[in-house]
Amino acid sequence: MELIDKFGRKITYLRLAITDRCNLRCQYCMPAQGIDIVDRKELLSYKEMYRLTRVLSELGVNKVRLTGGEPFVRKDFVNFLESLSFNDKLDEINITTNGALISNYIDKLEALNINAINLSIDSLQKDKFAKITRRDVFENVYDTLEKLEESNLKLKLNVVVQSGFNTDEIIDFIELTKNKHIAVRFIEEMPFNGKGQRNIEEEWNFTKIIALVNEHYSTVEKLQDKKSSTSRNFKIPNYKGTFGIIPAFTRTICNDCNRIRITATGMFKNCLFDGGVFNVRDFMRDGASDDELKQLFIDTVHKKPKNGFVAEAARGNDVSESMSTIGG
Ligand code: SAM
Ligand code: SF4
């Protein structure tokens with residue numbers, strides 16, 4: 001039994017949101033006052049998350065990304081990671097984090113064989129960082145960046161390209177790859193901001209970002225992208241690290257999509273842009289067996305929309321929820 005959609009795409013990757021809570025208030029993700037967080041009992045428990053991951057791993061999911069909200073704000077997250085690491089069907093456990101709370105956990109993450117950390121950092125300038133995140137934690141995050149770079153963990157940096165805020169730092173981020181073994185990934189900003197009323201002057205999409213890079217460097221090497229990679233990847237010759245662009249909003253990557261999402265409240269999503277297909281938490285709490293869960297996953301994945309535009313058109317309302325509730 002495996003998860004295959006009607007276009008022949010095999011699902012092997014789960015993105016699981018650990019919580020909807022966050023210690024930062026990034027402007028592109030939520031309004032200054034934060035979002036209406038749900039009651040704690042509405043969140044999936046760790047036991048429920050463990051079960052869902054186990055059942056999905058029996059259907060061929062071999063890679064999990066833990067995200068949120070900020071996964072490290074949930075109590076006992078590291079213990080949950082440890083339990084998950086005992087699932088021998090999982091080849092990779094990855095985490096997306098803002099890094100502000102984790103510098104003391106890096107040894108533990110190495111010991112648990114966590115595969116890669118995606119660290120979100122949108123500016124290398126303290127003041128600008130504080131303006132974007134609405135919190136003054138640049139030093140903590142940069143400290144995490146340096147410790148992760150020295151560790152055995154693979155390190156990717158997530159940089160949301162924000163018109164009027166950090167486009168002047170695109171080259172600075174690429175210069176970080178000169179001496180560091182990191183992969184910087186520039187992400188197109190999407191309207192998942194919890195109605196944060198963003199005023200986007202210019203759309204910084206893939207084409208515009210790569211044009212700026214090409215203008216600056218005489219040679220930009222195109223790398224072979226892995227199938228199902230969300231980023232188009234490049235390198236400056238002789239630099240240690242690489243950089244990539246994630247066309248999250250222009251959605252030119254959907255053909256090879258291999259992922260599903262489960263939000264912190266247990267909403268199953270076939271696509272980032274769909275409105276949520278069913279609540280797997282309620283199904284479990286109503287007593288569903290493992291076989292019933294599997295059948296539901298198989299049937300639902302079969303209906304996965306062709307791409308993010310089809311998914312968005314089918315949802316009947318605007319894309320405006322905060323990324324922290326979806327699990328970006
Ligand atoms: N709190 C963690 C963090 O920031 O890394 C994990 C959750 S966050 C929602 C996951 C990723 O989504 C981050 O890299 C963040 O920058 C990105 N993100 C959030 N809102 C976004 C938006 N509106 N457009 C594009 N990326 C967004
Ligand atoms: Fe929090 Fe991550 Fe959203 Fe920033 S992007 S507010 S760190 S969930």
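Sequence positions, counted from 1, serve as the residue numbers for this chain. Whatever order the structure lists ligands and atoms in, that order sets their numbers, starting from 1. Computed from a predicted structure; not experimentally measured.
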Atom indices of ligand 1, in the order listed, that fall short of 4.0 Å to a heavy atom of Glu188: 25 (C)

Any N/O pair Asn158/ligand 1 closer than 3.5 Å: yes

Side-chain donor-acceptor pair present, Glu169, Ser123, cut-off under 3.5 Å: yes

Apart from Ile132 itself, residues in the same hydrophobic cluster as defined by side-chain heavy atoms under 4.5 Å: Tyr28, Val160, Phe165, Ile187, Ile246

Other cluster members, Phe7 - Ile/Leu/Val/Met/Phe/Trp/Tyr, side-chain contacts below 4.5 Å: none

Sidechain N-carboxylate O distance under 4.0 Å for Arg315, Asp274: no

Donor-acceptor pair between Asn94 and Asn115 side chains, under 3.5 angstrom: yes

Nonpolar side-chain network containing Leu43, other nodes, edges under 4.5 Å: Val38

Under-2.8 Å neighbours of atom 3 (Fe) of ligand 2, protein N/O/S atoms only: 1

Nearest non-hydrogen protein atom, atom 17 (C) of ligand 1: Val160 CG2, 4.2 Å

Non-hydrogen side-chain atoms of Met30 and Cys22 separated by less than 4.5 Å: yes

Near-ring test Phe297/Phe268, centroid separation under 6.0 angstrom: yes

Top protein contact for atom 8 (S) of ligand 1, by heavy-atom distance: Gly68 O, 4.2 Å

Min N/O separation Met190 to ligand 1 under 3.5 Å: yes

Distance-only N or O hit between ligand 1 and Asn118, under 3.5 Å: no

Donor-acceptor contact present, side-chain Arg261 to main-chain Gly327, <3.5 Å: yes

Heavy atom of the protein closest to atom 12 (O) of ligand 1 (residue, atom name, distance): Met323 CG, 3.9 Å

Proximal atoms of ligand 1 relative to Phe192 (non-hydrogen, under 4.0 Å): 23 (N)

Test of proximity, Tyr28 against ligand 1: N or O pairs below 3.5 Å: yes

NZ/NE/NH1/NH2 to OD/OE distance under 4.0 Å, Asp290 and Arg54: yes

Glu215, CD atom: more than 12 neighbouring heavy atoms under 6.0 Å: no

Same apolar cluster (I L V M F W Y, side chains within < 4.5 Å links), Ile4/Leu59: no

Residue selection (non-hydrogen contact nearest atom 6 (C) of ligand 1) among Ser120, Ala17, Gly69: Gly69

Where ligand 1 meets Asn98 - atom numbers and elements under 4.0 angstrom, heavy-atom basis: 2 (C), 3 (C), 5 (O)

N or O contact, Thr97 vs ligand 1, cut-off under 3.5 Å: yes

